[in-house]
There are 2 protein chains.
Amino acid sequence: MANSPPRAAAPAALPAEPTQASRFGKARTAQSGALLEDYVELIADLLADGGEARPTDIARRLGVTHATAIKTIGRLKREGLAVAKPYRGVFLTEAGEKLALRVRARHRVVVDLLLAVGVPMESAESDAEGIEHHVSDVTLAAFARFLGRT
Amino acid sequence: MANSPPRAAAPAALPAEPTQASRFGKARTAQSGALLEDYVELIADLLADGGEARPTDIARRLGVTHATAIKTIGRLKREGLAVAKPYRGVFLTEAGEKLALRVRARHRVVVDLLLAVGVPMESAESDAEGIEHHVSDVTLAAFARFLGRT
DNA sequence: CGGCAAGTGTAGCTTTGGCTACAAGATATA
DNA sequence: TATATCTTGTAGCCAAAGCTACACTTGCCG
Ligand SMILES: [Mn+2]
Ligand SMILES: [Mn+2]
Ligand SMILES: [Mn+2]
Ligand SMILES: [Mn+2]
């Protein structure tokens with residue numbers, strides 16, 4: 001008899017409903033924090049690099065208008081991650097700094113993992129900007145292990 | 001003299017502004033298609049599995065209310081990915097089917113890559129649900145190569 | 001056949017994250 | 001100092017994606 005044909009099949013069985021719902025839910029949750037993570041990481045880098053993080057610079061680096069950036073900085077403040085006095089630039093709170101450190105370290109591990117499996121540099125940097133926000137602690141640990149960083 | 005201390009440093013130099021803006025922009029773009037990709041993939045799986053894709057089932061599997069699902073199905077229709085007559089279930093257009101195949105294949109490669117570098121199964125499945133949408137064609141090809149699927 | 005439960009659809013609200021347009025403060029320079 | 005330019009802030013608009021509440025179909029079963 002003929003072998004079962006090599007078709008692009010659906011998964012053998014669908015995951016159980018609650019399992020699948022939880023996976024999608026986690027992805028949604030992760031996504032909702034992504035923007036804040038990127039802002040905080042960028043602000044930390046700007047502060048480290050030049051001593052100041054101005055709304056216009058943040059906006060230009062993110063590729064959005066300054067109005068958008070300022071509104072999001074407002075959210076950062078509301079959530080206790082940043083402080084900013086009018087016309088005086090943006091700074092991170094303690095919570096913000098801690099988040100920035102975590103996010104920056106994760107970013108680097110993700111890029112390195114991508115490079116390690118053969119992804120070209122610019123694709124790695126570009127894709128990592130989105131991927132990083134969906135890398136859980138468990139996965140991050142596995143990446144670090146794979147890279148030989150115990 | 002003392003070595004440069006091992007601090008959790010910012011990147012040696014910040015990327016050029018337009019480069020960084022383009023990276024963030026790509027991540028935003030990718031994200032905006034993510035929801036549609038998940039719907040289309042899920043609908044294809046449901047159709048393959050049971051012959052029908054009902055709004056309520058879609059909603060339950062995604063972990064959202066049926067109202068939310070129905071509204072997004074509306075967007076799918078607007079974008080020419082699905083068709084649905086009232087009370088008659090959802091089906092994919094040709095474009096929808098093609099997208100579903102691509103997305104499903106990518107999903108599998110991403111999960112397999114994660115497993116291959118040592119991520120535990122459930123984390124791989126869970127994180128892949130978000131990561132997949134940020135994996136570019138170049139990166140996907142690199143993953144396939146790494147997995148030995150030329 | 002009648003009625004009830006399940007499924008479907010609609011309306012209206014909220015938050016987020018974009019945008020443009022305009023107003024006002026700060027800074028540099030002539 | 002006066003003025004022009006850059007920067008910052010605000011207001012108001014939009015679309016997406018979530019929700020609850022309510023209304024209407026369908027389809028099954030007694
Ligand atoms: Mn990012
Ligand atoms: Mn990043
Ligand atoms: Mn997904
Ligand atoms: Mn998927």
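Everything quoted here is computed from the prediction, not taken from an experiment. Each chain gets a letter, A, B and so on, in the order the sequences are listed, and its residues count up from 1. No hydrogens, no waters, no symmetry mates; every other heavy atom, side chains included, goes into these values.
Side-chain proximity of B/T65 to D/dC19, C/dT16, C/dT20: nearest is D/dC19. Relative to the side chain of A/Y87, the nucleotides D/dG18, C/dG9, C/dA26 differ in distance, and C/dA26 lies closest.
Rounded to a whole Å, the CG atom of B/L35 is 9 Å from the C1' atom of D/dA16. Protein atom CD of A/Q31 is 14 Å distant from nucleotide atom C1' of D/dG18, rounded to whole Å. Spacing between atom CG of B/D57 and atom P of C/dG7 amounts to 7 Å, rounded to whole angstrom units. Here C/dA6 presents its C1' atom at 13 Å from CD1 of B/I70, a figure rounded to the nearest Å. The distance from atom NZ of B/K85 to atom P of C/dG9 is 13 Å, rounded to the nearest whole Å. Taking atom CZ of residue A/R60 and atom P of nucleotide C/dG18, one finds them 18 Å apart after rounding to whole Å. Atom CZ in B/R54 sits about 14 Å away from atom P in D/dT26, given to the nearest Å. In this structure, CG of A/L36 is placed 7 Å from P of C/dG17, rounded to the nearest angstrom.
Remark: side-chain polar atoms of B/D127 are paired, donor with acceptor, to backbone N or O of A/S136 under 3.5 angstrom. With A/T29 contributing its side chain and A/G25 its backbone, the two residues share a donor-acceptor pair below 3.5 Å.
Toward the 5′ end of DNA chain C lies the nearest nucleotide of B/T56, the other residue of the pair A/R88 and B/T56 mapping further downstream. Comparing A/R28 and A/A84 by the nucleotide of DNA chain D that holds the closest heavy atom to each, the one mapping nearer the 5' end is A/A84. Along DNA chain D, the nucleotide nearest to A/K71 and the one nearest to B/A67 differ in position, and the one closer to the 5' end is contacted by A/K71.
For B/D112 and B/R149, the salt-bridge test passes: some basic side-chain N is under 4.0 Å from an acidic carboxylate O. A salt bridge is absent between A/K98 and A/E94; no separation between the charged side-chain nitrogens and carboxylate oxygens falls under 4.0 Å. Between A/R60 and B/E17 there is a salt bridge, since a side-chain N of the basic residue sits under 4.0 Å from a carboxylate O of the acidic one.
Side-chain N/O atoms of A/T72 include none lying less than 4.0 angstrom from OP1 or OP2 on C/dG17. Under 4.0 angstrom from either OP1 or OP2 of D/dA17 there lies no side-chain N or O belonging to B/T68.
Remark: ring of A/H66 does not overlap the six-membered base ring of D/dT7 in a stacked fashion, as centroids less than 5.5 Å apart with planes less than 30° apart are not both met.
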